[in-house]
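Here the structure comes first, spelled out in structure tokens, and everything after it is commentary.
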Amino acid sequence: MNLVARAKAILMTPRQEWQVIDVEPLDVRQLLTGYVLPLAAIGPIATAIGLSLFGFGGLFRMSFGSAIMHAVVTFIFAVIGVFVLAWIINALAPSFGATQSMPHAIKLAAYSSTAAWVAGIFGIIPALGILALIGGIYSLYLCFVGLPILMKSPADKTMTYFVVIIVAAIIIFFVIGAITTRMMYF
């Protein structure tokens, strides 16, 4: 798997790329080291640079050490978040007539995060960090498109399944954000 080619394909032609991903066997180590770790690192690194050099809105600058600590914690939780989200996707599958498959749930959680991770580059200029929200929204779209392909959810239940996943993801990421913030100030 070529990282750049896969990221470009999932971002530009998601329906076709999900079909390719669907039939690929999952090698968790390869997915983690060759895709998740490099892409999940973009935002934390960019944000660490941005916060230590420019600060946020001119109000405060983080020390380089604090920015690195924030980046490490954020990165770790981003990786953990993929697996927690995959577990939720898989656990909810039977409730929506979808097929339970942890390998497919992991692929869905990892690859649908691509847009959010790539958009993390905007963190290098904290005032542009809000643009990362666009990447997050596009990642939701990627998940919606991939859900019926990877998890085999029926068309009439895909939207409800997707909404429940979004609610679960929002809760997960608010908890992760709260933990990250708390760890930074204690």
Side-chain angles (χ1 to χ4, degrees), residues 1-47 74-94 96-123 131-155 157-173 176-177:
M1 169 184 36
N2 177 317
L3 170 73
V4 174
R6 174 54 54 87
K8 182 179 174 186
I10 198 71
L11 294 172
M12 304 301 262
T13 56
R15 291 189 195 283
Q16 295 87 334
E17 196 61 18
W18 282 125
Q19 297 290 340
V20 172
I21 292 167
D22 183 41
V23 297
E24 289 177 348
L26 176 64
D27 178 341
V28 175
R29 186 177 343 155
Q30 173 66 28
L31 178 63
L32 189 62
T33 60
Y35 197 83
V36 172
L37 295 179
L39 289 180
I42 293 171
I45 291 170
T47 301
T74 303
F75 173 72
I76 290 168
F77 280 113
V79 174
I80 291 169
V82 167
F83 292 98
V84 172
L85 183 60
W87 181 84
I88 290 168
I89 291 168
N90 193 52
L92 291 171
F96 298 97
T99 304
Q100 267 192 317
S101 169
M102 194 59 178
H104 278 85
I106 290 170
K107 291 191 283 187
L108 182 62
Y111 291 123
S112 65
S113 299
T114 301
W117 289 334
V118 171
I121 193 69
F122 290 115
L131 294 176
L133 181 61
I134 295 168
I137 292 168
Y138 193 67
S139 280
L140 292 175
Y141 169 75
L142 292 175
C143 183
F144 178 75
V145 171
L147 200 57
I149 298 168
L150 268 64
M151 301 307 290
K152 314 296 186 243
S153 63
K157 294 185 179 183
T158 297
M159 181 57 80
T160 307
Y161 186 18
F162 175 67
V163 169
V164 173
I165 290 169
I166 289 174
V167 170
I170 289 170
I171 292 168
I172 290 167
F173 293 111
I176 288 171

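With values rounded to the nearest 0.5 angstrom, Leu26 atom CG is found 6.0 Å from Lys107 atom NZ. Interatomic distance, OG of Ser139 versus CG of Leu11, reported as 8.0 Å (0.5 Å rounding). Put simply, CD on Glu17 and CD on Glu24 are 7.0 Å apart, with the number rounded to the nearest 0.5 Å. Within the model, atoms CG of Leu85 and CG of Asn90 stand 11.0 Å from one another, a figure rounded to the nearest 0.5 Å. If you take CD1 on Ile121 and CG on Leu131, they are separated by 12.5 Å, rounding to the nearest 0.5 Å. Taking OH from Tyr111 and CG from Leu108, the interatomic distance works out to 11.5 Å, rounded to the nearest 0.5 Å.
Looking only at side-chain heavy atoms (C-beta outward), Phe75 and Ile45 stay at 4.5 Å or farther from each other. For the pair His104 and Ile21, the minimum side-chain heavy-atom distance is 4.5 Å or more. A 4.5 Å side-chain heavy-atom check between Leu39 and Ile42 finds at least one atom pair inside the cut-off. Contact of the Trp18 side chain with the Ile10 side chain is registered, since non-hydrogen atoms from C-beta on lie closer than 4.5 Å. Contact check for Ile88 versus Val164: no side-chain heavy atoms found under the 4.5 Å cut-off. Side chains of Val20 and Arg6 form a contact here, defined as non-hydrogen atoms less than 4.5 Å apart. Residues Leu32 and Val79 form a side-chain contact, since some pair of their non-hydrogen atoms from C-beta on lies under 4.5 Å apart. Side-chain contact between Val118 and Tyr138 is absent, with no heavy-atom pair separated by less than 4.5 Å.
In plain terms, the two heavy atoms of Gly135 and Ala119 that are nearest each other are CA-CB, 3.6 Å. The shortest non-hydrogen separation linking Gly120 to Ala46 is O-CB, 3.5 Å. Contact detail for Phe96 and Pro154: the closest heavy-atom pair is O-CD, 3.3 Å. Here the shortest heavy-atom pairing between Ala40 and Pro44 reads O-CD, 3.0 Å. Closest heavy-atom contact between Ala105 and Met151: N-SD, 3.7 Å. Shown here for Ser153 and Pro148, the closest heavy-atom pair between the two residues is OG-CA, 3.4 Å.
With Leu150 as reference, Asp22 is the one residue of Ile106, Asp22, Ile89, Thr99 to meet the side chain to side chain contact (heavy atoms under 4.5 Å, CB included) rule.
When only modelled atom types and interatomic distance are considered, Thr114 and Tyr35 share a side-chain donor-acceptor pair under 3.5 Å.
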Could you list the donor-acceptor pairs under 3.5 angstrom formed between side-chain atoms of residues 140-147 and any protein atom two or more places apart in sequence or on another chain?
none

Next on the checklist: Determine whether Val82 and Trp117 satisfy the following criterion, side-chain contact (heavy atoms from CB on, under 4.5 Å), listing intermediate values before the conclusion.
Outcome noted: CA-CA 12 Å; Val82 167; Trp117 289 334; 3.5 Å; yes

